[in-house]
Amino acid sequence: MKFFFPDSQDQVDPSFHFITEERDPFRVRQRDDLYAHEVLTQAPFDGLLVSKAIVDGLASGAAGKYTGAQRHRLYREGAAKFFRLDNGHTPLEIMGDCGAFSYVAEERPPYTVDEVIDFYDGCGFNYGIAVDHVIFQYEPATSREDPRAKEWVRRQKITLELAQEFWDRCDARNVGFAPVGVAQGWSPQSYADAIAELQRIGYTRIALGGMVPLKTNEILACLRAIDQVREHSTQLHLLGVSRVDDVPTFAGHGVTSFDSTSPFRQAFKDDRDNYYTPTRTHVALRVPQVDGNAKLKARIRSGEIGQGEAMKLERTALSHLREYDADTINLEPVLEALVAYSALWDGKSDRSEQYSATLAARPWRDCRCDLCVAVGIEIVIFRGSERNKRRGFHNLYVFEQRLRAQQGRTTA
């Protein structure tokens with residue numbers, strides 16, 4: 001089972017100093033900052049998923065994540081050089097897609113088939129996903145004749161028509177990437193119908209879209225229906241779905257790859273599951289910057305609290321955490337410092353029990369990933385992108401280890 005990590009230009013600055021929080025003044029982000037596959041000895045994924053919407057934005061004016069200079073360099077140099085995949089690490093593959101979530105509200109996809117092919121082939125991707133139009137609804141008992149399914153049928157029809165055009169144009173242009181079809185549906189039967197049509201066109205690699213909101217049992221219901229029409233040579237890819245415990249089951253239904261940002265994003269988007277270990281997750285220790293927390297800055301501007309008081313509590317929390325990691329103080333004063341500062345900048349959430357569990361376990365000491373070894377307790381401090389993204393990269397490392405362990409059980 002291959003794991004593709006969706007690119008969003010997430011990198012970390014190796015020059016960042018955790019005590020002073022200063023950077024090399026001569027740092028150039030594109031030249032010096034590092035991707036996850038560069039800061040970890042072993043890449044925590046098998047490849048990258050690069051979206052046209054992320055790179056180029058939309059014609060409607062919605063901006064992508066790339067600057068103009070980054071876009072031009074990606075097209076000029078190609079993906080392998082842009083993402084520095086030739087640096088001695090295990091070779092990574094790159095899959096391209098259109099970013100259908102970005103234009104879900106539009107009547108039709110904003111890209112032509114040839115524009116998408118130009119993007120995939122011009123950047124030197126290994127796989128290219130056909131243009132699609134996502135369907136979010138899941139109504140397993142609704143047939144295509146039901147009036148409620150009118151819009152879903154229309155979107156599926158657009159997706160299949162574009163898949164045919166994509167296949168024909170890829171063949172005519174003799175592209176350098178493997179075309180991947182997309183099955184969109186709203187029920188097990190509608191997904192199976194889409195798979196049958198995509199196989200008729202000629203696709204042997206098919207991505208399943210619109211499944212992010214689905215529960216595992218709903219995904220499995222769709223896969224079982226697909227089994228009735230899936231040819232033995234057809235390989236399935238799950239778009240945006242990461243259920244590592246279900247990998248063996250998914251593999252039994254022809255799934256050979258998936259992509260997800262969940263392990264990375266949970267590091268700083270989740271309320272609790274911020275730091276992965278092989279057996280559980282921990283909450284990160286929140287110590288926001290005084291000048292970087294909107295709620296705290298508003299209270300300071302209003303005169304409700306003093307800036308000096310806030311900075312003192314912030315510094316005490318950070319220094320106590322580092323002293324704890326150096327075994328020079330016990331857990332209790334660290335927890336007291338975190339709670340005192342939290343009462344100032346938050347005042348609502350009581351995370352003392354979760355903080356105590358994280359501190360008592362000291363999970364960063366048991367982790368052998370390059371980041372935990374290098375920065376110690378800083379990896380579990382929820383504070384700014386340099387720590388948060390490193391924690392996200394650590395989560396990818398643990399996720400990949402769990403994925404390989406599951407695969408090992410499957411083949412044993």
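Within the 4.5 Å cutoff, side-chain heavy atoms of M211 are placed close to those of L238. Here the side chains of Y324 and P333 are not in contact, with every heavy-atom distance at 4.5 Å or above. No side-chain heavy atom of F3 sits less than 4.5 Å from a side-chain heavy atom of S257. At least one side-chain heavy atom of P109 sits less than 4.5 Å from a side-chain heavy atom of I158. Between N395 and F393 the shortest side-chain heavy-atom distance does not fall below 4.5 Å. The side-chain heavy atoms of Y127 and F4, taken from C-beta on, include a pair separated by under 4.5 Å. Contact check for R387 versus E21: side-chain heavy atoms found under the 4.5 Å cut-off. Annotation: side chain of D370 is not in contact with side chain of V39 (no heavy-atom distance under 4.5 Å).
Side chains of Q199 and T234: a donor-acceptor N/O pair is present below 3.5 angstrom, by distance only. Inspection of the Q9 and Q30 side chains reveals an N or O donor paired with an N or O acceptor under 3.5 Å.
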Problem - Derivation and outcome, side-chain contact (heavy atoms from CB on, under 4.5 Å), residues D32 and D24 - result: CA-CA 10 Å; D32 301 321; D24 184 337; over 6 Å; no
Practice task
Evaluate side-chain contact (heavy atoms from CB on, under 4.5 Å) for L208 paired with I195, printing each intermediate quantity in order.
Solution key: CA-CA 9 Å; L208 303 181; I195 293 289; 3.8 Å; yes
Handout entry: Test salt bridge (charged side-chain N to carboxylate O under 4.0 Å, His left out) applied to D193 and R144, step by step
Key = CA-CA 11 Å; D193 293 342; R144 63 180 56 251; 3.6 Å; yes
Practice task
Walk me through it: do Y120 and I129 pass the test side-chain contact (heavy atoms from CB on, under 4.5 Å)?
Solution key: CA-CA 9 Å; Y120 297 162; I129 298 177; 4.3 Å; yes
Exercise for the section: Please report the C-alpha distance between F399 and Y397 in whole Å, then the side-chain angles of each, then the deciding distance to 0.1 Å, and finally whether the ring-ring contact (aromatic ring centres under 6.0 Å, His included) criterion is met. Expected result: CA-CA 5 Å; F399 181 83; Y397 166 85; over 10 Å; no
Exercise for the section: Any chance you could lay out the side-chain contact (heavy atoms from CB on, under 4.5 Å) test for C367 and T277, step after step, and finish with the verdict? Expected result: CA-CA 8 Å; C367 181; T277 76; over 6 Å; no
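Salt-bridge check for R224 with D227: failed, with every basic side-chain N at 4.0 Å or more from each acidic carboxylate O. Salt bridge status for R351 with D346: present, with a side-chain N to carboxylate O gap under 4.0 Å. Under 4.0 Å is where a charged nitrogen must lie from a carboxylate oxygen, and between R390 and E378 no such pair does. The pair K312-E309 does not meet the salt-bridge criterion, since no charged nitrogen lies less than 4.0 angstrom from a carboxylate oxygen. Of the charged side-chain nitrogens involved, none lies within less than 4.0 Å of a carboxylate oxygen, so that K297 and D291 do not count as a salt-bridged pair. Comment: D118 engages R173 in a salt bridge, judged by a side-chain N to carboxylate O separation of less than 4.0 angstrom. A salt bridge links D56 with R71: the distance from a Lys NZ or Arg NE/NH1/NH2 to an Asp or Glu carboxylate oxygen falls below 4.0 Å. D146 and R148 are joined by a salt bridge, as a carboxylate oxygen and a charged side-chain nitrogen come within less than 4.0 angstrom of each other. Ion pairing between E107 and R155 fails under the 4.0 Å rule for side-chain N and carboxylate O. Electrostatic pairing of D245 and R402 counts as a salt bridge here, judged by a charged N lying under 4.0 Å from a carboxylate O. Taking 4.0 Å as the cut-off between side-chain N and carboxylate O, D33 and R27 count as a salt-bridged pair.
Under a 3.5 Å cut-off, the side chain of T67 and the backbone N or O of Q70 do form a donor-acceptor pair. Of the possible donor and acceptor atoms, none in the side chain of N126 sits under 3.5 Å from a partner among the backbone N and O of E93. Between the side chain of R383 and the main chain of V380, no donor-acceptor pair closer than 3.5 Å is present. Between the side chain of D273 and the main chain of Q266, no donor-acceptor pair closer than 3.5 Å is present. D325 contributes a side-chain N or O that, together with a main-chain N or O of I377, makes up a donor-acceptor pair within less than 3.5 Å. Panel note: side chain D259, backbone F5; no donor-acceptor pair is recorded below 3.5 Å. Checking side-chain atoms of Y191 against main-chain N and O of G209 turns up a donor-acceptor pair under 3.5 Å. Between the T159 side chain and the H133 main chain, a donor and an acceptor come within less than 3.5 Å of each other. Looking at E323, its side chain never comes within 3.5 Å of a backbone N or O of I329 through a donor-acceptor pair. The backbone N or O of T112 lies less than 3.5 Å from a partner atom in the side chain of E115, making a donor-acceptor pair.
Taking NZ of K2 as the reference point, atom NE2 of H237 lies at 11.5 Å (rounded to 0.5 Å). Taking CG of L285 as the start and OG of S342 as the end, the distance is 11.0 Å to the nearest 0.5 Å. Atom CZ of R404 is separated from atom CD of Q42 by 8.5 Å, given to the nearest 0.5 angstrom. Atom CD in Q235 sits 10.0 Å away from atom CZ in R230 (nearest 0.5 Å). Residue S385 holds its OG atom at 9.5 Å from CG of D10, rounded to the nearest 0.5 Å. If you take CG on D7 and NZ on K65, they are separated by 10.5 Å, rounding to the nearest 0.5 Å.
A cation-pi arrangement is present between R391 and F382, with the terminal nitrogen or guanidinium carbon under 6.0 Å from the aromatic centre and inside a 45° cone about the axis. Geometric assessment of K52 against the ring of Y111 yields a positive cation-pi assignment under the 6.0 Å and 45° thresholds.
The two residues L58 and A53 come nearest to each other via the heavy atoms CD2-CB, 4.3 Å. Closest approach of D366 to A361, counting heavy atoms only: OD2-O, 4.3 Å. The two atoms that bring T142 and A149 nearest to each other are CG2-CB, 4.0 Å, heavy atoms only. When every heavy atom of S187 is checked against every heavy atom of P140, the shortest pair comes out as CB-CA, 3.6 Å. Closest heavy-atom contact between V334 and H320: CG2-O, 3.6 Å.
F82 and Y66 have their aromatic ring centers within a separation under 6.0 angstrom. In this structure, F258 has its ring center at least 6.0 angstrom away from the ring center of F250.
Of the listed residues (R286, K269, H282, Q354), just one forms a side chain to side chain donor-acceptor pair (under 3.5 Å) with N274, and that residue is R286. For the ring pair (Phe, Tyr, Trp, His ring centres under 6.0 Å) with F125, the qualifying choice from F119, F83, F177 is F119, the only one to do so. If you run ring pair (Phe, Tyr, Trp, His ring centres under 6.0 Å) between F136 and each of W186, F101, W152, only F101 comes through.
Few gaps surround NZ on K295; more than 12 heavy atoms of other groups in view lie less than 6.0 Å from it. Within 6.0 Å of CD in Q307 there are 12 or fewer heavy atoms belonging to other residues, nucleotides or ligands.
The aromatic rings of F264 and F268 sit perpendicular, their planes meeting at an angle over 60°, well past the 30° parallel limit.
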